[in-house]
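The block underneath contains the structure these notes are about, expressed in structure tokens.
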Amino acid sequence: QVQLVESGGGLVQPGGSLRLSCAASRSIGSFKSMGWYRQVSARKRDLVAIITSGGSTNYADSVKGRFIISSDSAKNTVYLQMSGLKPEDTAVYYCNAVQIQPGLSDYPYWGQGTQVTVSS
């Protein structure tokens, strides 16, 4: 089974920066895409950023210009570099990977989540 392990969360002041990491148990090239989502309490899990196997990226409007998603295939790791953090960025951040299944529905995997708290 695929394992996704997030790290890098913590407490940061407004305007600060954090880099989240998501380490996969197998080659990230085997996934259709990988991304970051975030969730506040019982609210729905929202897309933050996504990167496809071809390297294209997409971002939620609320984080454009502040967050950058990137990958390192040698380390089987995807990163989310966050800068200019705001209190409204406070959430549990989850790593996501979508597995390619030819002829079948794509299958999503999720990490356990890492807490990001932006507060003075």
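The shown structure was predicted, so the numbers you read here are calculated from the model rather than taken from an experiment. Starting from 1, each residue takes its place in the sequence as its number.
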- Query: Between K32 and D106, does at least one N-O distance fall below 4.0 Å, as a salt bridge requires?
  - Reply: yes
- Query: Hey, are D61 and K64 close enough for a salt bridge, meaning a charged N less than 4.0 Å from a carboxylate O?
  - Reply: yes
For the residue pair [X] and [Y], establish whether any side-chain heavy-atom pair is separated by less than 4.5 Å.
X	Y	result
Q99	Y109	yes
V48	D46	no
Y59	I50	no
I28	M34	yes
I51	S33	no
M82	V12	no

Looking at every heavy atom in both [X] and [Y], which two are closest together, and how far apart are they?
X	Y	answer
R38	A91	CB-CB, 3.8 Å
L80	A49	CD1-CB, 4.1 Å
P14	S120	CD-N, 3.7 Å
I69	G35	CD1-CA, 4.1 Å
G113	V92	CA-CG1, 3.8 Å

- Task: Under the ring-ring contact (aromatic ring centres under 6.0 Å, His included) rule, what do W36 and F67 come out as? Steps first, then yes or no, please.
- Result: CA-CA 11 Å; W36 290 93; F67 292 9; over 10 Å; no
Could you verify whether a donor N or O on one side chain and an acceptor N or O on the other, from [X] and [Y], lie under 3.5 Å apart?
X	Y	result
Y37	R45	no
S83	Q81	no
Y93	E6	no

- Query: Looking only at atom types and distance, does a side-chain atom of T52 sit under 3.5 Å from a main-chain N or O of G54, one as donor and one as acceptor?
  - Reply: yes
- Item | Side-chain (S62) to main-chain (A60) donor-acceptor, under 3.5 angstrom | no
To the nearest 0.5 Å, what is the distance between [atom1] ([X]) and [atom2] ([Y])?
X	Y	atom1	atom2	value
I68	T57	CD1	OG1	9.0 Å
D89	S119	CG	OG	12.5 Å
L4	N76	CG	CG	10.5 Å

- Message: With a 4.5 Å cut-off on side-chain heavy-atom distances among I, L, V, M, F, W and Y, is there a chain of contacts connecting V78 to Y107?
- Response: yes
- Item | Joint cluster assignment, W110 & F31, ILVMFWY side-chain distance < 4.5 Å | no
- Determine, stepwise, if the pair E88 / T90 fulfils side-chain hydrogen bond (donor to acceptor under 3.5 Å, both in side chains). CA-CA 5 Å; E88 52 263 43; T90 296; over 6 Å; no
- Under the ring-ring contact (aromatic ring centres under 6.0 Å, His included) rule, collect the residues that match up with Y79, sequence neighbours excluded. none
Output side-chain donor-acceptor pairs under 3.5 Å for residues 16-27, partner residues at least two apart or in another chain, one line each.
unit_1 : atom_1 : unit_2 : atom_2 : d
S25    : OG     : Q3     : N      : 2.9
R26    : NE     : S30    : OG     : 3.1
S27    : OG     : G29    : N      : 3.2

- Output every pair passing disulfide (SG to SG under 2.5 Å) with a member in residues 43-92, not counting sequence neighbours, ordered by first then second residue. none
